[in-house]
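Since the structure comes first, as structure tokens, the remarks are kept for the end.
Computed from a predicted structure; not experimentally measured. Residue indices begin at 1 and follow the sequence shown.
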Amino acid sequence: MIEQHDLLDRALATAKLGVWTYDQNLSIFQLSENAREIFEVETNRLTDISELLHRFASDHDRKKYKSCLEKIIETGEPQSGIFQIVCKNNNTKWVRCIGQPEQNYSITKSVFGTVQDITDHIETERKLAETQQKYELMAKNSSDGIIIIDREVTTFASPGFLRLMRYDTFEDYLKATQGSLRPVIHPDDKPGIKTKFKQKISEQADTGTYQFRALTGDGTYIWREDHVNYQYDSKGHLEKTYAVCRDVTKRKQTEKKLRKLIEDKNWLVSTIVHDIRNPISAGVSLNSVLLEEIEDEEQIKLIRAANERLESALSLAAELLELSSMEDENFVLEKEPTHPSQYLSGIIESFQTTAEENGVELIFDEKLNTEQILLNQEKIQRALSNLISNALKFTPKDGRVTLSAILHEDFMQIEISDTGIGIPAEHLPTLFEKFTEAKREGLHGETTTGLGLSITKQIIELHGGSITVSSAEGEGTTFTIKLPLS
């Protein structure tokens, strides 16, 4: 059975705490085993105080320790101090000594005290101080603004933040805002910021990003972007908020100009398309009537060639309009539950006749075990049809075009591969660009607008997916699509 004093010794050792007594009349120091190890002396009983003092690192600490003992004996009041001890290996340690008079000190002039090794604590404090100095230096020299908000009141603002918000001093900022963000945020932006902030806190999120118009010290507004870190207390309540703040006014102005340019471009494309589509359609209709009435083979040949060009122009107009609509920031992609196996099978089936006419084998290889996924069926069919159509255009007779689909944990992968003529390596980097230089006639004279792959990429990305291509001339091409399941 462990004795009670053994348990106490173990507890003291765990806390790196030792006990000592000093009898002034006998000039004797008595040290517990823990105290002896902390002071790193040879024996538990010292008959000369100098035996202990020579372990101290400096004369200052020796005088301070002796002074503390003398004050305890003279005044009867407890004393404490922190001292540096030289270890046997010439390293140093920090100790805290606390002493108080014994109950019968008026007779014995004896002192009871403790000594604790606080080296780890001192080192931690030193590192924290160094870290704090580094962060203060970073905050002082950073072009970004840095603020700390305690509960709802700003308690720190870096010089960069004051420059950003156009205040001379932190006191000026506090006086104008009461340390709160409420007077700073533009009234029109407050509802959105408040909703987003409440959601972040309810989720106990670690970070957040906010954009709003901020009222500065000179009475003007700037666009401010705050990257925020949240700190919560033990009960889950918001305790502190740390924010890096940036002036993004120029960026917002550029974005506004860009949106205006896109709107103007969309309007121009839409106007042109609508203005030219009707006369082109009328021309196709007129040519169709002429074909029924004209018997001269040479003239029939010319009219049919003209019709092909007109229909190509109609296709280009339709594709321009489609691409323009998807680039509009107000475009909404409507999705519906879709059974992928049946859906993809139907797309493949629609190309079987063309494949047979070209002497190309068309294969559907699927490993799908899910009931439904969310897709915009019309758009995905458009994207896959572009790829299958291209594969058939550039695959010679007796070749093969394969659509394979496999379900992964969080995405569906679709591959359209062919054994066709392949794509020159220099064209691969610009393959998905509008009016790409990679466009070319198919093996059977099929024409292209150069927009199909750009539209395909736009559709896939609107679904949150990705599309890549690999190809080798004379061997074939593979397009790989990844569509997220959620």
Side-chain angles (χ1 to χ4, degrees), residues 315 318-320 322-328 331-336 338 340-341 343-348 350-351 362-368 370 373-395 400-440 442 446 448-473 475-486:
S315 295
E319 290 185 351
L320 278 171
E322 181 180 12
L323 197 57
S324 178
S325 68
M326 288 192 294
E327 289 176 343
D328 193 313
F331 178 79
V332 178
L333 187 75
E334 300 289 346
K335 298 180 183 180
E336 58 185 304
T338 304
S341 182
Y343 174 69
L344 295 175
S345 178
I347 294 174
I348 280 288
S350 66
F351 284 94
L362 190 56
I363 301 170
F364 179 40
D365 178 23
E366 58 96 2
K367 296 181 179 64
L368 302 171
T370 185
I373 59 174
L374 290 176
L375 296 174
N376 183 299
Q377 293 186 10
E378 180 184 349
K379 294 297 184 186
I380 291 295
Q381 180 172 353
R382 175 83 162 94
L384 296 179
S385 294
N386 281 342
L387 297 175
I388 297 170
S389 176
N390 282 348
L392 291 172
K393 285 179 187 177
F394 299 106
T395 301
R400 186 173 60 256
V401 173
T402 304
L403 188 152
S404 61
I406 186 170
L407 200 67
H408 295 275
E409 184 176 351
D410 54 359
F411 67 92
M412 180 173 67
Q413 180 171 306
I414 302 172
E415 286 189 350
I416 293 91
S417 58
D418 64 59
T419 59
I421 62 175
I423 303 168
E426 63 269 20
H427 289 161
L428 290 176
T430 61
L431 196 63
F432 295 104
E433 293 181 2
K434 300 170 190 173
F435 303 110
T436 173
E437 293 181 0
K439 69 176 182 177
R440 51 186 172 166
E446 301 95 336
T448 178
T449 63
L451 288 174
L453 289 178
S454 179
I455 291 173
T456 295
K457 184 173 185 287
Q458 186 85 351
I459 290 170
I460 300 304
E461 291 180 349
L462 282 171
H463 280 79
S466 64
I467 180 170
T468 56
V469 60
S470 61
S471 185
E473 285 191 88
E475 296 180 14
T477 301
T478 297
F479 287 89
T480 302
I481 296 170
K482 293 181 180 179
L483 294 172
L485 296 181
S486 60

Exercise for review: Any chance you could lay out the side-chain contact (heavy atoms from CB on, under 4.5 Å) test for F364 and L344, step after step, and finish with the verdict?
Suggested key: CA-CA 8 Å; F364 179 40; L344 295 175; 3.6 Å; yes
Enumerate, atom names and distances included, each donor-acceptor pair closer than 3.5 Å involving a side-chain atom of residues 461-469, sequence neighbours excluded.
| unit_1 | atom_1 | unit_2 | atom_2 | d |
| --- | --- | --- | --- | --- |
| E461 | OE2 | K457 | NZ | 2.6 |
| H463 | ND1 | I459 | O | 2.9 |
| H463 | NE2 | N376 | N | 3.1 |

Point to revise | Heavy-atom pair of closest approach, residues G476 and S471 | key: O-OG, 3.2 Å
Run the side-chain donor-acceptor check on residues 401-408: report pairs under 3.5 Å with partners two or more places apart or on a different chain.
none

**Study point:** Shortest non-hydrogen separation from I347 to S385 and the atoms involved
**Key:** CG2-OG, 4.3 Å
Exercise for review: Output all residues satisfying side chain to side chain contact (heavy atoms under 4.5 Å, CB included) with Q377, sequence neighbours left out; order by chain, then residue number.
Suggested key: E336, T338, Y343
Check your understanding: How far does CD of Q381 sit from CG of N386, to the nearest 0.5 angstrom?
Key -> 11.0 Å
Check your understanding: If you measure from CD1 on I460 to CG on L387, what distance do you get to the nearest 0.5 Å?
Key -> 7.5 Å
Exercise for review: Count the heavy atoms of every other residue, nucleotide or ligand shown that sit under 6.0 Å from CD of E426, and state whether that count exceeds 12.
Suggested key: yes
Point to revise | Rounded distance [0.5 Å steps], CG in D418 versus CG in N390 | key: 9.5 Å
Check your understanding: Nearest 0.5 Å, what's the CG-CD1 distance between L483 and I414?
Key -> 5.0 Å
Check your understanding: Rounded to the nearest 0.5 Å, how far apart are CG of L431 and OG of S454?
Key -> 10.5 Å
Review point. Will you find, in the side chains of T478 and S417, an N or O donor that is under 3.5 Å from an N or O acceptor?
Key: no
Revision key, fill the gap. Residues T419 and R400: closest non-hydrogen pair is OG1-N, 2.9 Å
Practice item. Measure the CD1-CG distance between I423 and L428 for me, rounded to the nearest 0.5 Å. Key: 5.5 Å
Practice item. Check the pair T477 / F394 against side-chain contact (heavy atoms from CB on, under 4.5 Å), numbers first and verdict last. Key: CA-CA 10 Å; T477 301; F394 299 106; over 6 Å; no
Review point. What do the steps show when you test I380 against I481 for side-chain contact (heavy atoms from CB on, under 4.5 Å), and what is the final call?
Key: CA-CA 11 Å; I380 291 295; I481 296 170; over 6 Å; no
